[in-house]
Amino acid sequence: MRHLFVIDPLDQIKPLKDSTAALMQATQRASIEVWACTPADLQARGDEGWVSAMHVLTEPWVSKKEQRNMPLIDFECIWMRKDPPVDEVYLYATHLLELAERNGVKVLNKPSSLRAWNEKLGSLRFSTLMAPTLVASRVEQLANFAKEQKEIVLKPIGGRAGQGVIRINSEAPGLEALLELVTDQERLPIMAQRFLPAVVEGDKRILLVNGEVLGAINRRPKSGDFRSNLAVGGNPEPTQLTKKEQLICDQLSPVLKQHGLFFVGIDVIGEILSEINVTSPTGIREAELFMESPLADHVIKSLINTLR
């Protein structure tokens with residue numbers, strides 16, 4: 001049995017921190033061969049997907065055994081774990097992976113859903129669970145929304161890991177100039193949301209596997225910042241889900257399963273849904289530490305049961 005991981009270059013992965021490394025190592029512990037490639041290694045030969053992949057041993061991280069050109073149908077499962085941005089490179093890779101999917105290979109997450117579920121806009125499917133939100137390009141509309149909500153955050157639609165997220169008060173000087181800047185002179189839509197003061201107590205990352213809660217961590221912003229993302233200095237903490245947070249997960253579960261979103265990380269602030277992360281969700285390592293449980297192994301066990 002072989003599984004393929006489509007990832008960033010291996011030397012960019014930090015094995016003690018990266019969820020992709022955790023999944024690859026758990027796959028090997030399940031006696032499944034682990035192969036790796038980058039999007040540039042994917043190919044189409046007629047209507048068949050192929051890849052130039054490397055067989056790797058993941059413990060200790062990482063030794064390389066062999067490079068081989070092979071059809072994608074030689075793999076039982078393919079993980080798309082390339083980090084954003086979801087640019088042309090990423091999108092074309094999902095199209096190539098669909099060649100394998102059409103021939104019966106399980107691709108995680110489903111390529112068409114990776115394209116359809118932008119990590120900001122996808123959450124709008126559950127807008128009743130979210131803070132008041134406006135997605136727009138026009139400065140006047142965004143400025144009016146800011147005045148209604150008093151204090152807002154602005155999120156780039158294609159952003160990741162908290163990068164480019166801005167908090168601003170409706171009375172701040174230069175509000176309209178800032179909105180012109182972030183919308184590229186009204187060319188690009190931006191997501192505006194009511195600022196949630198509860199973020200000072202943290203932003204929960206909840207990991208869902210095949211619609212079921214795997215684990216969760218709380219990410220508390222560092223001093224002087226409101227962003228809680230680990231990539232920008234947020235501090236992970238142990239946490240438990242509240243009843244309302246479990247209800248949010250229960251409401252999302254059947255929709256995520258319907259769309260082939262097997263491994264998902266949702267963000268919740270003050271029991272309010274913020275984002276649904278589907279490209280390469282993180283948090284396994286931190287959750288494993290706090291929960292003292294081999295969560296990555298649970299993911300692979302769930303996957304094997306799904307494949308059967």
Side-chain angles (χ1 to χ4, degrees), residues 83-87 90-91 113-172 174-206 217-222 224-234 248 252 261 264-283:
D83 281 341
V86 180
D87 53 11
Y90 191 100
L91 292 173
S113 293
L114 289 174
R115 295 193 297 271
W117 285 66
N118 173 277
E119 296 186 342
K120 302 295 187 297
L121 301 180
S123 55
L124 297 177
R125 299 166 189 253
F126 305 94
S127 61
T128 58
L129 305 177
M130 300 172 65
T133 300
L134 172 69
V135 178
S137 304
R138 297 300 183 193
V139 168
E140 181 180 3
Q141 296 165 0
L142 291 162
N144 288 338
F145 179 79
K147 291 173 184 176
E148 292 168 4
Q149 304 301 328
K150 308 303 181 185
E151 192 166 14
I152 62 172
V153 292
L154 300 170
K155 299 180 178 180
I157 300 298
R160 60 179 290 267
Q163 296 171 0
V165 178
I166 299 168
R167 171 184 172 186
I168 190 165
N169 189 285
S170 61
E171 302 301 322
L175 172 62
E176 293 190 359
L178 175 63
L179 294 173
E180 290 170 359
L181 179 65
V182 297
T183 61
D184 192 16
Q185 303 298 319
E186 300 189 328
R187 292 180 60 252
L188 293 175
I190 191 91
M191 174 176 276
Q193 289 183 315
R194 176 194 289 170
F195 174 69
L196 299 174
V199 75
V200 299
E201 300 299 326
D203 172 354
K204 287 190 183 180
R205 163 57 58 89
I206 305 171
I217 58 170
N218 190 51
R219 303 172 298 178
R220 191 178 293 268
K222 68 180 180 181
D225 202 343
F226 71 96
R227 299 172 300 169
S228 55
N229 307 73
L230 300 181
V232 293
I248 290 173
L252 269 59
L261 295 169
V264 172
I266 69 169
D267 298 337
V268 177
I269 301 172
E271 299 185 321
I272 293 175
L273 179 66
S274 175
E275 292 184 12
I276 302 174
N277 299 273
V278 302
T279 50
S280 55
T282 61

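- Smallest separation of non-hydrogen atoms from Ser123 and Ser274: OG-O, 3.8 Å.
- The closest side-chain heavy-atom distance from Glu171 to Lys150 is not below 4.5 Å.
- Separating the CZ atom in Phe145 from the CG atom in Leu179 is a distance of 11.5 Å, to the nearest 0.5 Å.
- Residues Leu178 and Leu154 meet the side-chain proximity criterion, which asks for heavy atoms closer than 4.5 Å.
- Rounding to the nearest 0.5 Å places CD of Glu119 at 8.5 Å from CG of Leu114.
- The environment of Arg138 atom CZ is sparse: at most 12 non-hydrogen atoms of other residues, nucleotides or ligands sit within 6.0 angstrom.
- Defined by atom type and a distance below 3.5 Å, a donor-acceptor pair is missing between the side-chain atoms of Lys155 and Thr133.
- Proximity of Met191 to Leu124: side-chain heavy atoms (C-beta onward) are separated by under 4.5 Å at one or more points.
- Atom CG of Leu134 sits about 10.5 Å away from atom CD1 of Ile190, to the nearest 0.5 Å.
- Annotation: side chain of Leu129 is in contact with side chain of Leu252 (closest heavy-atom distance under 4.5 Å).
- Between Arg220 and Val200, the closest heavy-atom pair is NH1-O, 3.3 Å.
- If you check the side chains of Ser137 and Glu186, you find no donor sitting under 3.5 Å from an acceptor.
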Do Trp117 and Thr279 pass the side-chain contact (heavy atoms from CB on, under 4.5 Å) test, and can you show the C-alpha distance, the side-chain angles, and the key distance before you say yes or no? CA-CA 9 Å; Trp117 285 66; Thr279 50; over 6 Å; no
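- A 6.0 Å sphere centred on CD of Glu180 holds more than 12 heavy atoms belonging to other residues, nucleotides or ligands.
- Taking both residues in full, the closest heavy atoms of Pro189 and Val135 are given as CB-CG1, 4.0 Å, listed atom of the first, atom of the second, then distance.
- Rounded to the nearest 0.5 angstrom, Arg125 CZ and Leu121 CG are separated by 9.5 Å.
- When atom types are taken as modelled, the side chain of Asp203 and the backbone of Val199 share no donor-acceptor pair closer than 3.5 angstrom.
- Considering Thr183, Ile152, Val182 as possible partners of Leu142, the one that fulfils the side-chain contact (heavy atoms from CB on, under 4.5 Å) test is Thr183.
- Using a 4.5 Å cut-off on side-chain heavy atoms (C-beta onward), Phe195 and Ile168 make no contact.
- Results of the side-chain contact (heavy atoms from CB on, under 4.5 Å) test with Val278 over Asn118, Leu261, Val86 single out Leu261 as the only residue that passes.
- The residues Arg194 and Glu148 are annotated as not salt-bridged, no charged nitrogen and carboxylate oxygen being separated by less than 4.0 angstrom.
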Please assess Asp267 against Asn277 for the test side-chain hydrogen bond (donor to acceptor under 3.5 Å, both in side chains), listing each intermediate value before the final yes or no. CA-CA 8 Å; Asp267 298 337; Asn277 299 273; 3.2 Å; yes
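- Here Ile272 contributes atom CD1 and Leu196 contributes atom CG; the two are 5.0 Å apart, rounded to the nearest 0.5 Å.
- Side-chain contact between Ile157 and Leu188 is absent, with no heavy atoms from C-beta onward closer than 4.5 Å.
- Annotation: side chain of Phe126 is in contact with side chain of Ile276 (closest heavy-atom distance under 4.5 Å).
- For the pair Pro84 and Ser280, the minimum side-chain heavy-atom distance is below 4.5 Å.
- No donor-acceptor contact under 3.5 angstrom links the side chains of Ser170 and Gln149, judged on distance only.
- Of the listed residues (Lys204, Lys120, Arg205), just one forms a salt bridge (Lys or Arg N to Asp or Glu O under 4.0 Å) with Glu275, and that residue is Lys120.
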